[in-house]
Each structure stands twice: as C-alpha cells, then as structure tokens.
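Down below is the structure, laid out as structure tokens.
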Amino acid sequence: MTIDPSAIPNFGGQPEPQAAEPTGPVVPDQDLVKQLLDQMELKYVVDDEGDLAAPWEQFRTYFMFRGEKEQQVFSVRTFYDRLHSIDDKPKILESIDDWNRRTLWPKIYTHTSDEGEVRLIGEAQMLIGTGVSLEHFVSSTVSWVRASIEFDKWLTEQLGLEPADGSDEGEKKED
C-alpha cells in the first residue's frame, strides 16, 4: 500500500484530485506512516522502543501503535520541551483547558516532574484494528501534526512566551 501525493491534504484552499485508494479499509502500520512523513518531507527517527519520532526545534512528535489486533490504536503524541515552573501551572492549566474546549486535537495535558518542572503533552488517537479508510488515516495524521505545531504557536502567544526559533515548521528532510 502506498500513499498517493494527492492524498495528502492541501491546506492552501485548492481542491485536491481524488486519490486512488485501496478498496475497503486498511490497517495502517509504521511503513505507511514513514511513507506519509516522506511525502510531507519531514525528518524522522525510530527510537529505542521502535516508535517513529519527528523532531522539531521545541518538541518531538511520536507516531505509535499500541494494543492487540482488533483493539490496536494509532497514537500521535507530542512532547513539548519548554519547561514551565510549578508556580505557572494554574495559568497553564487555564490555557490548555481553553485549547481543549475549542479544538478537537491534540488534547493537551501536563506532566509535573518530582523537581516541579511542568511539561506539556498533546495526544490524538484513532482505533485502527479493524481497518480505516486510507484517506481518513492520512488526513487525520496530517491534521494532527499541523495542530501540534499550531498549539505550540498558540500557547506562545497566549502566555506571552519567547517564540522558539524553528518551531513553526517541521524539520525538512535533507536530500
């Protein structure tokens, strides 16, 4: 199974031609995600646990498959590197609650370390065990990646933080 470039959503407002899609549902796998990231011209690595990760300047987005056969879930999880103090947590929670009310994805939550450092994590999931349409999988994954980037920009504006260089674009592959 391959991804046709026309299957990648165009966010410029121009209509895309209909993609040639397999008949019936497909069960996405890591190779399909690699093809999609290649089509998006994004760098990626495979971590020690076997998950795909796309690095940005201020965050990393992981593409993970969890669960058994018919209950398998595809998860796109973004770990934002910016540290926040425990004193700022109420303000951060208020902001991410606002984001979570206004948007479908990613859903954002906090992780507080034993040292009192607060980090943010965004996540979107799709049940894929019984199969999904290729078009739905591709458009959802691309939308989730874009929304993860937008959240970083949005939070920077909401909290008046210093923008991180390069956080608005994924790292492009070098040919």
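All values below come from the heavy atoms of this structure, side chains included, with hydrogens, waters and symmetry mates left out.
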Side-chain donor-acceptor contacts of residues 67-78 below 3.5 Å, not counting sequence neighbours, with atom names and distances?
residue, atom, partner, partner atom, Å
Ser75, OG, Glu123, OE2, 3.1
Arg77, NE, Glu123, OE2, 3.2
Arg77, NH2, Glu123, OE2, 2.6
Thr78, OG1, Thr61, OG1, 3.0
Thr78, OG1, Ser148, OG, 3.0

Which atom names give the shortest non-hydrogen contact between Met126 and Ser140, and what distance separates them?
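Smallest interatomic distance, heavy atoms only, reads CE-CB, 3.4 Å.
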Which heavy atom of Ser95 sits nearest a heavy atom of Leu159, and at what distance?
OG-CD2, 3.4 Å
Would a 4.5 Å heavy-atom cut-off, applied to side chains only, mark [X] and [Y] as touching?
{"X": "Arg82", "Y": "Leu155", "value": "no"}
{"X": "Val118", "Y": "His111", "value": "no"}
{"X": "Ile121", "Y": "Ile108", "value": "no"}
{"X": "Leu93", "Y": "Thr110", "value": "yes"}
{"X": "Val132", "Y": "Pro28", "value": "yes"}
{"X": "Asp29", "Y": "Val33", "value": "no"}
{"X": "Glu57", "Y": "Asp81", "value": "no"}

Is Leu83 isolated, or which residues cluster with it under the ILVMFWY side-chain rule of less than 4.5 Å, directly or via members?
none
With Arg102, which residues qualify under side-chain contact (heavy atoms from CB on, under 4.5 Å), at least two apart?
Asp98
side-chain contact (heavy atoms from CB on, under 4.5 Å) involving Glu49 - partner list, sequence neighbours excluded:
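For Glu49, the residues satisfying side-chain contact (heavy atoms from CB on, under 4.5 Å) (neighbours in sequence not counted) are Asp47, Asp51, Arg66.
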Looking at [X] and [Y], would you say the former's side chain and the latter's main chain have a donor-acceptor pair under 3.5 Å?
{"X": "Trp99", "Y": "Pro106", "answer": "yes"}
{"X": "Lys107", "Y": "Asn100", "answer": "yes"}
{"X": "Ser113", "Y": "Glu117", "answer": "yes"}

Side chain to side chain donor-acceptor pair (under 3.5 Å) partners of Asp88, counting only residues at least two apart
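With neighbours one apart ignored, the set is Ser85.
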Mind checking what makes side chain to side chain donor-acceptor pair (under 3.5 Å) contact with Lys91, not counting sequence neighbours?
none
Working to the nearest 0.5 Å, report the span between CD of Gln35 and CD of Gln39.
8.0 Å
Could you give the distance from CD (Gln58) to CD1 (Ile149), rounded to the nearest 0.5 Å?
13.0 Å
What about [X] and [Y], same hydrophobic cluster or not, with Ile/Leu/Val/Met/Phe/Trp/Tyr joined at side-chain heavy-atom distances under 4.5 Å?
{"X": "Val26", "Y": "Leu37", "value": "yes"}
{"X": "Met64", "Y": "Val145", "value": "no"}
{"X": "Tyr109", "Y": "Leu104", "value": "no"}
{"X": "Leu161", "Y": "Ile92", "value": "yes"}
{"X": "Trp105", "Y": "Leu127", "value": "no"}

Quick check: Phe79 with Tyr62 (ring centres under 6.0 Å apart)?
yes
Hey, would you say the Phe151 and Tyr80 ring centroids sit under 6.0 Å apart?
yes
Could you go step by step and tell me if Leu42 and Trp56 meet the side-chain contact (heavy atoms from CB on, under 4.5 Å) rule?
CA-CA 10 Å; Leu42 294 176; Trp56 272 263; 4.1 Å; yes
